[in-house]
Amino acid sequence: MGMNSWPTDISEARQIQDALSKQVKIIPLKKMPELIAGVDASIDSGKVTAVASLYEYSGLRHIEDAFSVKEVRFPYIPGFLSFREGETVIDAIEKLRIKPDIILFDGQGIAHTKGIGIASHIGVILDMPSIGCAKSRLVGRFKEPAAEKGSWTYLYHNDRRVGVVLRTRSSVKPIFVSLGHRVDIDSSIKIVMKCVYKYRIPEPLRRADSLSREIL
DNA sequence: GCGACAG
DNA sequence: ATCTTGTCGC
């Protein structure tokens with residue numbers, strides 16, 4: 001799995017990003033998902049705790065949760081987040097008894113310096129459709145979206161549309177939705193909005209986030 | 001050299 | 001990410 005693909009230093013991490021970035025595929029999502037998972041991680045005293053929460057897409061019904069705890073092996077460096085949480089996040093996803101059709105990540109997809117943020121990185125490794133949902137910007141240019149819920153503007157980076165800045169709640173700071181792997185922008189917007197109940201962050205990610213701290 | 005900088 | 005109470009606004 002991730003034996004030769006988990007680096008200890010930055011130069012090694014860069015090589016992995018260069019290799020994996022070529023494998024990211026931005027193509028139309030084949031079918032709307034029936035099952036969707038949100039994954040997030042928390043850090044505490046040298047440990048990474050990752051949680052994967054599975055939901056039924058239509059109706060947003062919770063189905064199951066899985067988690068994993070591992071030693072921190074990499075520091076947090078902007079642009080290299082996946083090397084800090086990736087290993088644990090993958091383990092949590094693989095512990096789900098039922099496999100999701102698509103995964104939501106707390107971070108960027110291709111809206112990344114090297115075009116391979118955590119959503120794209122893990123999407124490629126697992127070869128599964130994925131979407132990045134970050135609370136703030138890493139790279140890219142954009143116009144502020146209108147104040148109404150559902151409004152969005154494109155996020156551009158290197159003359160490419162890498163995602164959108166999406167207002168999930170009226171008059172509340174927008175989130176940065178970016179293409180992960182095997183998805184397109186229209187599907188990403190539709191899927192993320194469908195997962196929003198009454199808060200800014202999509203439910204699968206909110207649950208994974210709160211559970212990951214609870215497990216600490 | 002300076003500022004920016006997912007979690 | 002994490003440290004942390006009350007408080008302003010819809």
Side-chain angles (χ1 to χ4, degrees), chain A residues 6-7 10 13-14 16-17 20-21 24 38-53 67-93 103-124 130-142 146-151 155-158 160 162-181 188 192 196 198-202 204-216:
Chain A
W6 237 259
I10 298 190
R14 283 202 188 85
I16 292 171
Q17 290 186 323
L20 294 184
S21 61
V24 178
V39 293
D40 192 24
S42 295
I43 311 293
D44 183 58
S45 51
K47 300 280 191 181
V48 180
T49 300
V51 172
S53 296
F67 73 93
S68 176
V69 180
K70 291 181 179 294
E71 295 286 332
V72 172
R73 295 195 195 179
F74 210 86
Y76 169 67
I77 300 169
F80 297 90
L81 173 65
S82 45
F83 297 106
R84 183 172 174 76
E85 311 181 340
E87 221 176 2
T88 318
V89 156
I90 289 175
D91 197 33
I93 294 171
I103 305 170
L104 258 36
F105 287 84
D106 188 353
Q108 314 292 344
I110 62 172
H112 177 276
T113 321
K114 290 287 188 282
I116 182 146
I118 190 166
S120 303
H121 190 146
I122 306 304
V124 165
S130 63
I131 298 172
C133 293
K135 295 181 290 298
S136 61
R137 188 198 76 105
L138 174 60
V139 298
R141 298 159 16 83
F142 65 97
E148 295 69 41
K149 171 178 182 174
S151 300
L155 177 61
Y156 296 93
H157 185 54
N158 293 335
R160 275 245 292 169
V162 294
V164 300
V165 181
L166 179 63
R167 191 83 69 182
T168 52
R169 284 200 65 191
S170 293
S171 303
V172 169
K173 184 206 285 192
I175 63 173
F176 294 75
V177 176
S178 63
L179 272 2
H181 185 55
S188 298
V192 170
V196 172
K198 55 179 296 191
Y199 301 100
R200 177 167 86 118
I201 307 301
L205 283 177
R206 287 190 70 239
R207 183 177 176 94
D209 178 71
S210 65
L211 283 182
S212 69
R213 323 170 178 281
E214 219 171 274
I215 294 176
L216 289 181

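Numbers restart at 1 for each chain; the letters A, B, ... are given by sequence-line order, proteins then strands.
- Within 6.0 Å of CZ in A/Phe74 there are more than 12 heavy atoms belonging to other residues, nucleotides or ligands.
- Atom-to-atom, CZ of A/Phe105 to C1' of C/dA1 comes out at 18 Å; the value is rounded to the nearest Å.
- The residue A/Phe80 sits close to a base: some heavy atom pair falls under 4.0 Å.
- Protein atom CG of A/Leu205 is 11 Å distant from nucleotide atom P of C/dA1, rounded to whole Å.
- Applying the 4.0 Å criterion to OP1 and OP2 of B/dC5, one finds that A/Arg137 has a side-chain N or O inside that range.
- Put simply, CZ on A/Arg84 is 13 Å from P on B/dG7, counting in whole angstrom units.
- When the P atom of B/dG7 is taken as reference, atom CD of A/Glu87 falls 21 Å away, rounded to whole Å.
- Because its NZ or CZ atom is both nearer than 6.0 Å to the ring centre of A/Tyr199 and within 45° of the ring axis, A/Arg206 counts as a cation-pi partner of that residue.
- Contact between the side-chain N/O atoms of A/Lys135 and the OP1/OP2 oxygens of B/dA6 is not found at any separation under 4.0 Å.
- Ring-base stacking between A/Tyr76 and B/dG7 is satisfied, the centre separation being under 5.5 Å and the plane angle under 30°.
- Per the geometry, CD1 belonging to A/Ile118 stands 13 Å off P belonging to B/dA6, to the nearest Å.
- Between C/dT2, B/dA6, C/dA1, one nucleotide has an atom nearer to the side chain of A/Leu216 than all others, and that is C/dT2.
- Here C/dC3 presents its C1' atom at 16 Å from CD1 of A/Ile43, a figure rounded to the nearest Å.
- The A/Ser136 side chain lies nearest to B/dG7 when the options are B/dG7, B/dC5, C/dA1.
- Judged by closest nucleotide on DNA chain C, A/Asp40 is the one of A/Ser171 and A/Asp40 placed further toward the 5' end.
- Backbone-only contact: A/Arg213 has heavy atoms under 4.0 Å from sugar-phosphate atoms and none from a base.
- Between A/Glu148 atom CD and C/dC10 atom P there is a gap of 15 Å when expressed in whole angstrom units.
- As judged by a 4.0 angstrom heavy-atom cut-off over every strand, A/Gly132 is placed among residues making no nucleic acid contact.
- Using a 4.0 Å heavy-atom criterion, one finds that A/Leu81 contacts the bases of the nucleic acid, with or without backbone contacts as well.
- Electrostatic pairing of A/Arg73 and A/Glu87 counts as a salt bridge here, judged by a charged N lying under 4.0 Å from a carboxylate O.
- Of the possible polar contacts, none joining the A/Arg84 side chain to the A/Val72 backbone as a donor-acceptor pair under 3.5 Å is found.
- Of the candidate nucleotides C/dT2, B/dG7, B/dC5, C/dT2 has the atom lying nearest to any side-chain atom of A/Ser42.
- At whole-Å resolution of the value, CD1 in A/Ile201 and C1' in B/dA6 are 12 Å apart.
- The closest donor-acceptor contact from the side chain of A/Gln17 to the backbone of A/Gly79 lies under 3.5 Å.
- Side-chain proximity of A/His112 to B/dA4, C/dA1, B/dA6: nearest is B/dA6.
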